[in-house]
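A quick write-up on the structure given underneath.
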Amino acid sequence: MGGPLLDVRDLNAYYGQSHVLHGVNLHVNPGEVVSLIGRNGAGKTTTLKSIMGVLRSRTGQIRFEGQDLTRLPSNRIAARGLSWVPEERAILSSLTVRENLELPPARPGGWSLERAYQTFPVLRERGHHPGSKLSGGEQQMLAIVRVLRSGPKLLLLDEPSEGLAPVIVQAIGDMLQELRRDGLSVILVEQNLKFATRLADRHYVLVDGEVVDEVARHEVEDRRADLLRYLSV
Ligand code: ATP
């Protein structure tokens, strides 16, 4: 087919009267990992919510595999193969780990339970524990693996490293590297530059609801000071 997998043009988004995204343009090529970086309140989460149709008050064009998603409800957007792991890690806290994993039936191309357990053995060990009893890192692993069961074409991850111990961040980074090698396309929202630059092929910098810069992997070394400045408070 050629062309980007996801192509977002002139995206504007609103919470009531509050105009939060001001003409965001971005794209994700097939197999690419793209990061959205920026300070708190820059509009990163709003961009993901707008793409997923969870925030409906938006204008512009969001094309996925060449087709316009803008008018579709969020469940139909998800059915096209976009999966979002929100920052608050949407797992079902009253269900066990195993029930959380089994609830979304595995779809063709999606992760089997066996693959989930091989990647994160702790999920097997904790299989009978309720989601609410997991550590933050375990919840993040579960939240990501849950959506991978459905075999998404594009994964939208909101700050997967936030608040986690370094060893867990490393484990999640390793898993994302594996997904990357498998050719999964990802949008990664991050404030952890080290994590983002390890994984992403390209970075979009958001400031006050606008993309103000774009940095490719090979430019990161030369532009590290700029990237740090964009993220510093
Ligand atoms: P964070 O890391 O803090 O989530 P972010 O870059 O993801 O930052 P957004 O959450 O997208 O930023 O927020 C963008 C702007 O929209 C901020 O000014 C925020 O205060 C505002 N905002 C976010 N959610 C709402 C909401 N539900 N209602 C009104 N304003 C909101």
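Just so you know, ligand 1 is whichever comes first in the structure, and atom 1 is the first atom listed for that ligand.
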Measure Val20 to ligand 1 on non-hydrogen atoms and call it side chain, backbone, both or neither using the 4.0 Å cut-off. side chain
Among all protein heavy atoms in this structure, tell me which lies nearest to atom 3 (O) of ligand 1, with the distance rounded to 0.1 Å. Asn40 OD1, 3.2 Å
More than 12 heavy atoms from other groups under 6.0 Å of CG on Asp208: no
Atom 17 (C) of ligand 1 touched by protein (heavy atom, under 4.0 Å): yes
For Arg56, is the CZ atom crowded, meaning more than 12 foreign heavy atoms sit under 6.0 Å from it? yes
Side-chain H-bond candidate by donor/acceptor type, His203 with Ser35, under 3.5 Å: yes
Can you tell me how far CG of Leu103 sits from CZ of Arg146, rounded to the nearest 0.5 angstrom? 5.5 Å
Among all protein heavy atoms, pick the one closest to atom 11 (O) of ligand 1 and tell me residue, atom and distance. Thr46 OG1, 2.5 Å
Separation between CG (Asn12) and OG1 (Thr59), nearest 0.5 Å, reads 4.0 Å
May I ask which of Glu159, Lys44, Gln191 has a heavy atom nearer to atom 5 (P) of ligand 1 than the others do? Lys44
Looking at atom 19 (C) of ligand 1, what's its closest protein heavy atom, distance included? Gly41 CA, 4.8 Å
CD-CD1 distance between Glu32 and Ile187, expressed to the nearest 0.5 angstrom: 10.0 Å
Side chain or backbone, does Ser18 bring an N or O within less than 3.5 Å of an N or O on ligand 1? no
Proximal atoms of ligand 1 relative to Ala42 (non-hydrogen, under 4.0 Å): 5 (P), 6 (O), 12 (O)
Identify, for atom 10 (O) of ligand 1, the protein heavy atom at the shortest distance, and state residue, atom and that distance. Thr45 CB, 3.7 Å
Would Arg39 count as a contact residue for ligand 1, given that I'm defining contact as a non-hydrogen atom of the residue lying under 4.0 Å from a ligand atom? yes
What protein heavy atom lies closest to atom 12 (O) of ligand 1? Include the residue and the distance to one decimal. Gly43 N, 3.2 Å
Carboxylate-amine/guanidinium proximity below 4.0 Å for Arg80 and Glu65: no
Rounded at 0.5 Å granularity, tell me how far CZ in Arg58 sits from CG in Asp10. 13.5 Å
Enumerate the side chain to side chain donor-acceptor pair (under 3.5 Å) contacts for residues 161-173, please, sequence neighbours excluded, ordered by first and then second residue. Ser161-Glu190, Gln170-Asp174
Tell me the protein heavy atom at minimum distance from atom 23 (C) of ligand 1, and give that distance in Å. Tyr15 CE1, 3.4 Å
Numbered atoms of ligand 1 (with element) below 4.0 Å of Glu87, judged on heavy atoms: 4 (O)
